[in-house]
Amino acid sequence: MADEKATPLLDELEKGPYPSFVREIKLAAKNNKMAAGVLHQLEKSYRDKIGYWKHGGIVGVMGYGGGVIGRYSALPDDFPEVAHFHTLRVNQPAGWFYTADVLRKICDMWDKHGSGLTNMHGSTGDMVLLGTRTEELESVFGELTKMGFDLGGSGSDVRTPSCCVGPARCEWACFDTLKTCYEITQHYQDELHRPAFPYKYKFKFAGCANDCVAAIARSDMSFIGTWKDDIQQDDEEIKNYAKAGLDIQSDVVENCPGKCMTWDPDNMKLTIDNSYCLKCMHCINVLPKALRPGKQRGVTILLGAKAPIVEGALLSSVLIPFYDIDNEGLDDLFELVEDGIWDVWTENGKNRERVGEFIQRVGMGNFLESIGLEPDPHMISHPRDNPYIFFDQEDEEEEA
Amino acid sequence: MADEKATPLLDELEKGPYPSFVREIKLAAKNNKMAAGVLHQLEKSYRDKIGYWKHGGIVGVMGYGGGVIGRYSALPDDFPEVAHFHTLRVNQPAGWFYTADVLRKICDMWDKHGSGLTNMHGSTGDMVLLGTRTEELESVFGELTKMGFDLGGSGSDVRTPSCCVGPARCEWACFDTLKTCYEITQHYQDELHRPAFPYKYKFKFAGCANDCVAAIARSDMSFIGTWKDDIQQDDEEIKNYAKAGLDIQSDVVENCPGKCMTWDPDNMKLTIDNSYCLKCMHCINVLPKALRPGKQRGVTILLGAKAPIVEGALLSSVLIPFYDIDNEGLDDLFELVEDGIWDVWTENGKNRERVGEFIQRVGMGNFLESIGLEPDPHMISHPRDNPYIFFDQEDEEEEA
Amino acid sequence: MTERLTDIGPPHYEKFLPPVVKENYGKWKYHEILKPGVMVHVSESGAKLFTVRMASPRLLATDTIRWIADLAEKYCGGYLRWTSRNNVEFLLTDESNIDPLIGEIKKNGFIIGGMGNSISNIVHTQGWVHCHSSATDASGIVKAVMDDLSQHFENMDLPGKLRIALACCLNMCGAVHCSDIAILGTHQRPPRIEHDTLDKFCEIPNVVSACPTAAIRPATVDGKPSVEVLEENCMYCGNCYTVCPSMPLNNAETDGISIWVGGKVSDARSIPKFSKLAIPFIPNNPPRWPEVVEAVHNIVDVWAKNAKKYERMGDWIERIGWPEFFRLTGIEFTKYHIDDFKHAGLSFKRTAQMRHLPEE
Amino acid sequence: MTERLTDIGPPHYEKFLPPVVKENYGKWKYHEILKPGVMVHVSESGAKLFTVRMASPRLLATDTIRWIADLAEKYCGGYLRWTSRNNVEFLLTDESNIDPLIGEIKKNGFIIGGMGNSISNIVHTQGWVHCHSSATDASGIVKAVMDDLSQHFENMDLPGKLRIALACCLNMCGAVHCSDIAILGTHQRPPRIEHDTLDKFCEIPNVVSACPTAAIRPATVDGKPSVEVLEENCMYCGNCYTVCPSMPLNNAETDGISIWVGGKVSDARSIPKFSKLAIPFIPNNPPRWPEVVEAVHNIVDVWAKNAKKYERMGDWIERIGWPEFFRLTGIEFTKYHIDDFKHAGLSFKRTAQMRHLPEE
Ligand code: SRM
Ligand code: SRM
Ligand code: SRM
Ligand code: SRM
Ligand code: SF4
Ligand code: SF4
Ligand code: SF4
Ligand code: SF4
Ligand code: SF4
Ligand code: SF4
Ligand code: SF4
Ligand code: SF4
């Protein structure tokens with residue numbers, strides 16, 4: 001054990017053009033013992049090719065069941081600074097907008113009470129404050145709430161919702177992602193902080209089918225903006241693109257999954273059969289000055305995405321084909337979620353069964369019935385191809 | 001019970017332009033009591049909306065475990081003529097070719113020993129002799145073998161193989177479907193007549209991807225003709241089609257799933273990037289005088305199709321991407337089937353588990369290993385998307 | 001007495017090949033459909049083989065087979081074949097024989113066609129004529145449906161081939177699961193258990209393990225070993241009945257038919273696919289099943305009117321989308337259409353790509 | 001003492017929106033990428049908002065955040081945001097501030113880019129920095145891979161967007177299962193059972209039911225209640241460890257990485273899809289995992305060279321076919337690539353449509 005403080009392996013990762021996390025840990029380690037501890041334990045992990053963290057126990061702030069991930073070093077004698085190394089998940093502002101001011105306040109607080117290390121942001125969307133001791137948790141929480149921040153979710157609760165930048169900066173937002181995200185987050189504060197579900201429940205909001213927040217892949221309830229009427233089209237701008245050398249035929253028309261576009265090169269005229277348009281965004285993406293989503297906008301609401309544990313990964317699938325969320329508001333939705341989905345899932349879901357797995361187990365048809373939604377062919381990519389239909393007894397009586 | 005012989009409901013089915021099965025039954029019923037019996041029992045079924053056949057017991061000819069389906073009327077008192085009504089499955093000649101002569105001989109025999117009713121043919125491919133009594137079975141069998149015919153399969157055995165008309169009349173046959181069908185049938189006489197498998201095993205042979213015998217949908221082992229080199233192309237004939245008014249662009253090029261064709265209307269020149277051709281047959285189907293399969297021909301062998309019972313229907317999937325069957329012969333194939341597939345399946349398959357279900361249960365990778373075939377990316381539509389890999393212990397030792 | 005022959009296999013096909021086929025075996029160059037039901041194959045040698053395709057009800061009396069043999073003798077040197085969809089093919093070398101042959105065929109009440117972009121014969125099964133498993137008859141529905149569609153057999157007036165198949169129970173004999181339109185006999189009730197005989201005819205452990213949904217449990221009824229069925233788990237697959245005669249499923253009140261669409265077998269253009277549920281249930285209504293005839297007619301019509309050239313039913317539906325299929329056909333979409341078997345999740349729409357239907 | 005606040009939720013986002021955003025909220029008309037890492041959004045009002053996107057290692061020290069805040073104050077009126085892939089976005093209204101800002105960013109060793117057809121930041125997780133479950137580190141591999149690929153972050157020289165993600169175990173935090181390239185920490189051994197503590201820390205029935213393959217059975221070991229694992233049924237998913245700390249899976253000898261390709265999230269052109277297995281296993285080789293870097297580099301290169309404009313990894317592979325993907329990348333195809341989980345059969349090639357590879 002030559003130089004206890006040497007980190008020859010991690011030092012290798014200070015080299016190279018991309019910003020280095022090792023530089024960050026060292027920066028924090030200058031004034032912060034916990035950061036130094038994590039640096040040295042990590043160097044040992046690099047040497048031994050294995051992690052040295054123990055399964056976290058239940059730690060948290062008073063009255064909350066989530067928001068803190070407990071973490072303990074497996075080698076507390078060697079790295080006493082990180083004997084405790086819990087993280088706090090701090091609910092980010094919708095769209096991840098900050099001011100210089102508020103960031104500095106958080107930094108000051110975290111230097112005082114934690115490791116000085118953060119994740120900006122965690123994969124769910126939270127600001128992750130990386131590493132502190134159990135006895136600091138209440139102080140951190142107190143200072144956060146004073147600044148107007150609160151903790152996000154962890155465990156079997158509503159997880160911190162997140163959204164794309166949406167109408168704040170994007171010309172394609174088909175609904176107000178930030179407002180919806182904020183309002184749903186506020187409405188479900190209790191569900192976010194006090195786990196009462198079979199498993200986690202995530203919300204994500206993307207303003208259009210580009211899905212810049214990966215909602216369809218990683219949220220139990222995914223909101224994706226769309227429209228019903230015709231794409232707004234500016235023929236002059238299309239000509240400009242064509243004149244500037246864009247190959248409308250091969251770049252736009254041939255990539256259209258709806259196969260609903262034709263290009264007349266002689267007249268530089270693009271024609272869209274909007275009744276076949278799948279609202280995929282491709283043509284709009286390529287011709288942002290010429291094409292825009294229609295005016296009759298809303299969301300498609302999809303249900304059930306999750307990572308592979310246990311039954312294999314799922315993508316969300318259509319639950320509500322179209323909802324004019326900005327005009328019709330959230331009340332009906334709250335009702336559907338609370339009195340419908342959560343009620344049924346909480347009542348009948350197995351422990352650690354995400355809502356997507358639950359639906360597959362009980363059957364989408366039964367699930368829809370239990371939450372009071374009509375089956376709609378937009379919910380499926382195709383009808384069943386196996387003949388194993390469970391017929392209701394009632395229906396039979398009628399038919400017989 | 002007015003007129004015992006009246007069949008008012010069935011009579012309705014003598015009307016209309018399509019040839020009538022009722023007419024056939026009545027025709028036979030003129031001279032044949034069994035045919036009359038089935039007519040009247042059927043009329044009762046039409047009246048009552050239910051079938052009146054009992055589960056068949058085990059009946060058959062000496063030394064054979066298959067080829068006869070036992071059948072008894074559920075109402076033998078009302079319809080004593082069909083108290084027994086067994087069918088014989090007679091192995092058809094490959095390609096369903098007959099001479100007038102041989103048909104007449106079969107008819108004479110069947111009038112004597114059976115109902116005078118047939119199915120030309122059953123869905124597996126057999127000539128089905130519809131309805132006789134247990135005590136007639138040996139006589140029928142004796143007369144059939146004298147004419148050079150034998151029984152087909154039933155039960156857990158090799159089922160009667162069948163094939164498309166192939167090189168006998170079709171210009172697109174990429175291998176000799178009739179010869180292969182005949183030789184495999186002859187080679188597996190024992191397996192065809194003496195059930196020794198977990199369940200049935202069907203062979204079907206189609207000369208090209210049009211699959212005129214539905215091999216990929218209903219045979220455990222499906223042979224489908226294909227080629228490796230370039231489509232044979234006659235540019236003059238293509239011009240003729242175009243001149244005659246065929247729209248090569250929309251009818252041919254735009255329907256090509258390989259997206260590998262281009263049409264130059266000015267020079268009436270069709271160009272195929274054969275390296276991307278999927279051998280789907282479409283362009284050849286539309287331009288039979290101008291395009292033909294390549295010269296380097298063979299088969300793709302696929303495994304596992306079946307109807308839905310129990311685990312859901314399966315289509316066959318690729319086992320051997322390409323095999324030059326006409327030149328390399330059947331010996332290697334017999335070895336693979338007998339010492340490979342059947343050995344493993346018979347040893348490890350569950351009762352009533354088709355080979356396709358068996359492969360899904362044990363895993364294609366393991367199955368290939370056990371039959372000694374190398375994995376090939378042509379066997380899959382895509383690699384796994386779930387992370388649940390069972391690593392071999394051996395591999396790990398090496399890698400560690 | 002002569003030796004008892006066994007395991008001789010089928011006769012060699014060469015015995016039955018007409019001379020023109022033997023001479024040109026593997027040497028065919030191209031073919032042309034001359035008119036509905038008539039095609040010619042031309043060999044590299046220039047030889048020609050004419051085929052006349054005749055519809056058949058499949059269930060044939062020996063007298064009809066003799067009549068067919070006579071025709072073959074008169075016009076085809078005695079040669080003929082059946083097709084994989086149970087039609088009869090007369091194989092001629094003398095072109096001038098075609099029309100007289102067709103004349104005789106029609107005179108006897110048979111029709112010709114089924115080639116090219118038409119509806120060919122309905123592949124089907126036994127039904128009430130022979131099978132113990134059936135939820136409906138086979139031949140009767142086939143006759144009624146084909147009477148209605150025979151103009152599409154006799155003409156080539158469709159966008160592409162249309163293959164209809166019928167199976168009288170979920171065992172699905174034939175390739176009905178991959179048909180443009182599949183007509184399927186469907187039970188709606190769990191098996192009736194004949195406790196009296198069950199122990200005698202069936203091996204209880206086999207019965208229990210036969211059930212894919214584990215709905216069957218051993219039970220003692222009136223002192224006898226038997227089984228019980230958890231009715232809410234039963235999906236009426238009939239697998240128990242196949243292994244145990246004392247558990248019949250057929251039921252005059254509740255048996256009937258479901259209709260499936262969009263399957264195919266060929267690899268032409270698109271890959272093979274299964275048929276998907278269109279109509280979950282239509283009660284049996286013999287002798288002519290008018291509701292089934294009407295339902296099939298409607299689906300064929302809507303497809304024929306809307307599909308592009310060469311577009312099989314399934315490819316057409318994939319292009320327009322299932323919501324549009326249900327809208328155009330007027331078929332009701334119900335919870336039964338949504339899969340709830342093994343791979344159900346994969347049939348949910350896992351994308352935001354969507355066409356909104358016109359508001360009506 | 002003041003009242004303890006709870007359930008206040010996050011601050012309202014409006015507090016942090018720059019004035020130009022508030023004024024033009026929902027009124028943006030179009031955008032243009034001006035150069036790598038710099039874009040402008042133009043409002044219906046004519047107002048312009050410039051965005052400069054800076055790479056971030058995600059793991060940030062407070063001092064770096066303060067430096068970022070300082071830059072925002074100096075050039076952006078104090079306003080900035082983070083993106084959904086953890087990059088920093090400076091929000092400017094004064095175009096002339098762009099270059100000085102970029103100058104300061106680069107001086108401090110950060111880079112800008114990640115826009116348009118480029119590689120953006122690698123979404124990733126905790127690894128050895130914080131998680132108990134990890135089969136590999138996260139940040140270290142990300143750094144090594146991005147060092148190698150940074151030219152594709154700083155330039156828009158690719159056919160389409162390329163999204164890489166990393167998760168350090170099969171729990172797959174982040175959306176790695178739908179990434180163009182996913183780097184996944186992978187265990188290869190069943191859990192070690194710490195029989196001493198198991199009864200104390202874990203509820204045995206929970207542990208038993210947590211296993212998706214039913215590999216875990218209750219057992220008594222040295223007189224203590226514990227469990228045993230049927231090793232041949234274990235697929236190293238780690239679900240048992242999640243519910244029971246006494247069953248760790250990590251193993252310095254056999255842990256490592258698998259590589260997955262062709263997933264996507266957006267609905268643009270094609271629908272979202274899962275990533276598929278490319279390389280089943282690469283051993284851990286810290287600090288710079290050269291084999292992983294090389295493997296990712298190769299896949300990116302082959303894709304960049306062969307894909308058409310806008311063609312995401314998965315769409316490209318679907319066009320050329322998986323056999324061609326394996327041929328072009330030189331990656332070995334093994335039995336591990338063939339699915340054997342729930343929906344395995346659906347990934348078998350159920351068609352005779354086939355491209356034969358050139359013989360080499
Ligand atoms: C911190 C974070 C990773 C990161 O570095 O960003 C994370 C970290 C953990 N995740 Fe996660 N997950 C994080 C986002 C995700 C995501 C992405 C998302 O939310 O968009 C997913 C995939 C989407 C999903 O929910 O399916 C995800 C899927 C999982 C799973 C698998 C769940 C499943 O149903 O398949 C587990 C296992 C479990 O829940 O038992 C898991 C469990 C965990 C645990 C709590 C470990 C455990 O077994 O208990 C990790 C704690 C690590 C630590 O020591 O800090 N984490 N986890 C992310 C949360 C930060 C935040 O709040 O912003
Ligand atoms: C006669 C025939 C129908 C017809 O009218 O054409 C037929 C009739 C029966 N089939 Fe079949 N199958 C017939 C071709 C098929 C086909 C088509 C084929 O072979 O190409 C299939 C679908 C392909 C397949 O094998 O999967 C087929 C799939 C079944 C099944 C479901 C098997 C499965 O694995 O899913 C059963 C049920 C069983 O085996 O227990 C079955 C069972 C039966 C039984 C034996 C009924 C039973 O439960 O034991 C039927 C006897 C009916 C009777 O009274 O004559 N039959 N059966 C066909 C055989 C005639 C011939 O030899 O040419
Ligand atoms: C005679 C027969 C083979 C046999 O050994 O008996 C046959 C014969 C021919 N088929 Fe077929 N096919 C025959 C059953 C099939 C089947 C099997 C089935 O229907 O169960 C299929 C698969 C159907 C499916 O995909 O579901 C089949 C799919 C084709 C196709 C592809 C059609 C498509 O577009 O998907 C072609 C090509 C074409 O017609 O352009 C084809 C083409 C042909 C050609 C043109 C081949 C040739 O050059 O000789 C033959 C005349 C076609 C016609 O009738 O228009 N044949 N053909 C079968 C006639 C059945 C009948 O009586 O109607
Ligand atoms: C800033 C950000 C949203 C946010 O709230 O943070 C964003 C912003 C924009 N996205 Fe995005 N996307 C952002 C994450 C995503 C994601 C999510 C992800 O990567 O995890 C996706 C889905 C990726 C996938 O499919 O796997 C995403 C798929 C797209 C697409 C569709 C690309 C495609 O061809 O599949 C577009 C359209 C385009 O670029 O032509 C798009 C277009 C855009 C536009 C042009 C929208 C606009 O008009 O403002 C924005 C600038 C694009 C750019 O960077 O080139 N954005 N975008 C995210 C930046 C992440 C980063 O730092 O790199
Ligand atoms: S998801 Fe759509 S609305 Fe949201 S940022 Fe991306 S492109 Fe804009
Ligand atoms: S949004 Fe997509 S589907 Fe609609 S017209 Fe544009 S490219 Fe086609
Ligand atoms: S499968 Fe091919 S070779 Fe056989 S008859 Fe049909 S078209 Fe001809
Ligand atoms: S055979 Fe099919 S894939 Fe090949 S060129 Fe012709 S249409 Fe295209
Ligand atoms: S489909 Fe069913 S009822 Fe019809 S013949 Fe086959 S087994 Fe019998
Ligand atoms: S019909 Fe099928 S599901 Fe119902 S009890 Fe019998 S085997 Fe089970
Ligand atoms: S992916 Fe696994 S190891 Fe990595 S943070 Fe998530 S749970 Fe922990
Ligand atoms: S790692 Fe997964 S498969 Fe293995 S024992 Fe644990 S839960 Fe079961």
Side-chain angles (χ1 to χ4, degrees), chain A residues 47-50 123 214 216-218 247 249-266 271 273 276 304-317 352 354 356-357 360-361 363-364 380-391 396-400, chain B residues 47-50 123 214 216-218 247 249-266 271 273 276 304-317 352 354 356-357 360-361 363-364 380-391 396-400:
Chain A
R47 225 159 36 224
D48 299 350
K49 304 191 188 180
I50 198 159
S123 322
I216 202 170
R218 44 180 200 146
D247 185 338
Q249 177 64 28
S250 80
D251 283 1
V252 181
V253 173
E254 285 170 21
N255 278 313
C256 167
K259 296 198 165 64
C260 56
M261 304 183 116
T262 43
W263 171 237
D264 172 354
D266 301 328
T271 309
D273 176 355
Y276 271 77
K306 61 176 299 297
I309 305 294
V310 182
E311 294 287 331
L314 298 173
L315 288 158
S316 284
S317 67
R352 285 168 47 79
R354 297 282 284 265
E357 293 185 338
Q360 298 210 42
R361 179 166 61 82
M364 168 86 96
I380 53 159
S381 62
H382 59 77
R384 69 165 65 237
D385 58 20
N386 66 73
Y388 299 141
I389 309 174
F390 290 90
F391 288 102
E396 288 173 52
E397 309 303 317
E398 283 162 35
E399 267 148 9
Chain B
R47 225 159 34 225
D48 300 351
K49 304 192 190 180
I50 198 158
S123 320
I216 201 169
R218 44 180 202 147
D247 184 340
Q249 177 64 29
S250 83
D251 283 2
V252 182
V253 174
E254 284 170 20
N255 279 313
C256 167
K259 298 199 163 64
C260 56
M261 305 182 115
T262 43
W263 171 239
D264 170 356
D266 302 328
T271 309
D273 175 356
Y276 272 77
K306 62 175 299 295
I309 305 294
V310 186
E311 295 287 330
L314 297 174
L315 288 158
S316 284
S317 68
R352 286 169 46 81
R354 298 282 284 266
E357 292 186 338
Q360 298 210 42
R361 179 167 59 83
M364 168 86 95
I380 53 159
S381 62
H382 59 76
R384 69 164 65 237
D385 58 21
N386 66 73
Y388 299 141
I389 310 173
F390 289 91
F391 288 103
E396 288 174 52
E397 311 300 320
E398 282 162 37
E399 266 149 7

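Atom set for the values below is all heavy atoms of this structure, side chains included, hydrogens, waters and symmetry mates excluded. In what follows, chains carry the letters A, B, and so on, assigned in the order in which the sequence lines appear, proteins first and then strands, with residues in each chain numbered from 1.
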With 3.5 Å as the limit, can you list every donor-acceptor pair between chain A and chain B, backbone and side chains included?
{"residue": "A/P308", "atom": "O", "partner": "B/Y388", "partner atom": "OH", "Å": "2.9"}
{"residue": "A/V310", "atom": "O", "partner": "B/Y388", "partner atom": "OH", "Å": "3.2"}
{"residue": "A/Y388", "atom": "OH", "partner": "B/P308", "partner atom": "O", "Å": "2.9"}
{"residue": "A/Y388", "atom": "OH", "partner": "B/V310", "partner atom": "O", "Å": "3.2"}

Side chain, backbone, both or neither: which part of B/P387 has a heavy atom under 4.5 Å from chain A?
side chain
Identify, with sequence neighbours excluded, every residue that meets side-chain contact (heavy atoms from CB on, under 4.5 Å) alongside B/L315.
B/I216, B/A217, C/C178, C/P272, C/F274, D/R350
